2 protein chains.
Amino acid sequence: MARLVAERSDAIAPLAEVFREHGYEGASLALIGEATGLGKGSLYHFFPNGKEEMVQAVLAEIERWFDEAVYAPLRDEVDANGAIDAMLDSVMDYFRSGRRVCLVGALAVSNTRDRFSQAIRGYFVGWVDALHSALVRQGRDDDQARLLSEDAVLAIQGAIVLSRALDDPAVFQRAIDQLRGRLVVEGNHNKGANDDSH
Amino acid sequence: MARLVAERSDAIAPLAEVFREHGYEGASLALIGEATGLGKGSLYHFFPNGKEEMVQAVLAEIERWFDEAVYAPLRDEVDANGAIDAMLDSVMDYFRSGRRVCLVGALAVSNTRDRFSQAIRGYFVGWVDALHSALVRQGRDDDQARLLSEDAVLAIQGAIVLSRALDDPAVFQRAIDQLRGRLVVEGNHNKGANDDSH
DNA sequence: CATAGATTGTACCAATCAGTAAAGACATTA
DNA sequence: TAATGTCTTTACTGATTGGTACAATCTATG
């Protein structure tokens, strides 16, 4: 039997989805209520500051998830190549081959950017820095790693835009493949060296 | 003395700006009226189908401009390297170093995508195809040119997103520089051979 | 100057918007 | 079971939304 009273945390995922699909302005309280199954009363009980607080909560959860699933391995794993590989796999899953919009990226190109600028900046800075760290651990010099990490994050955002514009997930797939070739260094066998294929 | 009656074409530029700044949903008729200096009467006289027709008109004008200023040179100029160089300069100007949003890209990641899918697709297909043509004329093989042209258009969109997210035009600048290095071939002196620097 | 057509201002509409208020239902603890 | 604090339902507000209707005004042509 389902719980009759809801928790704030249960609302985050449907909130994220409705903001992704309709944007900040487009996500009306009617749509939000429908997506979360919560009435206005409940929504304003959990998020007294309305839509703005809902988006902030969603952005915080997105940041938390990326930090745990993507940034931390990039920063901490000894196997930098493996962490980068895993990042590309995670990204492919998370954005559903480009069918799913990046909420943070979408907010960045909207007029609501300024309202969420801190969270938006944090998301991307965290990503670029974490990837930079992995690239340096690969043995690349700082400047090249800086350029490359920025370029990779940028390419992922562009891939979402273009694959949605052309309605073709293969565009996203190709972009990820290209990145794998550009980011994962050849001849680096420090990932365990269990290459016993003889 | 300014003309008392307006023309439809005069409204396109302010319309483009207001849709860029506020998105489709965010651009209310009040904002549109303010931006264009036109009342509802005039707006619905010129665009009987309302906002949708306004956006379609803006997208048509954007497509026309890009086709004339960017795609045509990429397709037709004998100097492919020069055309690509000019494209990157135009892009830098047009998007104001990433400060200005790409309306087509923004629509592609919004829920209004389906309504304008044909125009959105046309814009990006036109760009990728034109760049592909220039890259082939450089002497590259078809597959590499395909990948590279897609990658370049994608990188420009991503650069807009990231530079806005970080509020740093230098990100956009670096992305354009990177593209110049990747797209403009060295040692190709078929651009007129007026290299009389001896 | 008269007429026709293009353009504009104003008043208006029903629907929807974000947000508020408060009484009621629920679960938790004692 | 009584009391407390969390959650939900319902009704409501005033503002704004996109869109319509139409009379008034302007401009070009005869």
Side-chain angles (χ1 to χ4, degrees), chain A residues 1-59 61 103 106-107 110-116, chain B residues 1-59 61 103 106-107 110-116:
Chain A
M1 190 178 68
R3 201 178 38 245
L4 288 178
V5 293
E7 288 181 21
R8 193 185 124 115
S9 61
D10 296 333
I12 303 293
L15 278 175
E17 216 52 44
V18 77
F19 282 121
R20 252 189 281 270
E21 285 172 12
H22 299 275
Y24 183 78
E25 323 253 11
S28 66
L29 285 180
L31 281 170
I32 291 170
E34 195 182 333
T36 58
L38 264 42
K40 285 190 192 183
S42 302
L43 287 169
Y44 275 88
H45 174 67
F46 290 128
F47 308 97
N49 283 334
K51 276 168 56 159
E52 173 149 356
E53 191 171 350
M54 299 179 204
V55 171
Q56 295 285 14
V58 167
L59 290 176
E61 168 59 19
L103 177 59
L107 289 174
S110 82
N111 61 324
T112 53
R113 175 189 63 158
D114 295 1
R115 217 185 297 208
F116 309 109
Chain B
M1 191 177 69
R3 201 179 36 244
L4 288 179
V5 292
E7 287 181 23
R8 194 185 124 115
S9 61
D10 296 334
I12 303 293
L15 278 175
E17 217 51 46
V18 79
F19 282 120
R20 252 189 282 268
E21 284 171 14
H22 299 276
Y24 184 78
E25 323 252 12
S28 66
L29 285 179
L31 281 170
I32 291 169
E34 196 181 333
T36 58
L38 263 40
K40 284 190 192 184
S42 302
L43 288 169
Y44 276 88
H45 173 69
F46 290 128
F47 308 97
N49 284 333
K51 276 168 59 160
E52 173 149 355
E53 189 171 350
M54 298 179 204
V55 171
Q56 295 285 14
V58 167
L59 290 176
E61 169 58 20
L103 176 59
L107 290 175
S110 82
N111 61 327
T112 53
R113 176 190 63 158
D114 294 0
R115 215 183 300 208
F116 309 110

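Letters A, B, ... are given to chains in the order of the sequence lines, protein chains preceding strands, and every chain is numbered from 1. These figures come from a predicted structure and were not determined experimentally.
Every residue meeting the salt bridge (charged side-chain N to carboxylate O under 4.0 Å, His left out) condition with Glu53(A), not counting sequence neighbours, appears here in chain and number order: Arg8(A). With sequence neighbours excluded, the residues satisfying side chain to side chain donor-acceptor pair (under 3.5 Å) with Glu61(A) are Arg64(A). Remark: Tyr24(A) pairs with Phe116(A) by the ring-ring contact (aromatic ring centres under 6.0 Å, His included) rule, at least two apart or across chains.
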Working for side-chain contact (heavy atoms from CB on, under 4.5 Å), residues Arg115(A) and Leu107(A): CA-CA 10 Å; Arg115(A) 217 185 297 208; Leu107(A) 289 174; over 6 Å; no
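Picking from dT8(D), dT8(C), dG19(D) the nucleotide with the shortest atom distance to the side chain of Phe46(B) gives dT8(C). Considering only the side chain of His45(B), dA6(C) comes nearest among dA6(C), dT9(D), dT20(D).
Residue pairs meeting the side chain to side chain donor-acceptor pair (under 3.5 Å) criterion with at least one partner in residues 27-49 of chain B, sequence neighbours excluded, are absent.
If you take CG of Leu38(A) and C1' of dC7(D), they are 9 Å apart, rounded to a whole angstrom. At whole-Å resolution of the value, OH in Tyr44(A) and P in dA18(C) are 7 Å apart. Here dT20(D) presents its P atom at 15 Å from CZ of Phe47(B), a figure rounded to the nearest Å. To the nearest angstrom, P of dA6(C) lies 17 Å from CG of Asp10(B).
Residue-level contact check: Gly50(B) touches the backbone only, with heavy atoms under 4.0 Å from sugar-phosphate atoms and none from bases.
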Only distances under 3.5 Å count here; give the side-chain donor-acceptor pairs of residues 13-22 of chain A to other protein atoms, sequence neighbours excluded, each with its distance to 0.1 Å.
unit_1   : atom_1 : unit_2    : atom_2 : d
Glu17(A) : OE1    : Arg100(A) : NH2    : 3.3
Arg20(A) : NH1    : Tyr94(A)  : OH     : 3.3

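Residue Ser42(B) is the one, among Ser42(B) and Tyr24(A), whose nearest nucleotide of DNA chain C lies closer to the 5' end (criterion: closest heavy atom).
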Between protein and nucleic acid, restricted to nucleotides 11-17 of chain C and to nitrogen or oxygen atoms under 3.5 Å apart, what atom pairs and distances do you find?
unit_1  : atom_1 : unit_2   : atom_2 : d
dC17(C) : OP1    : Ser28(A) : OG     : 3.1

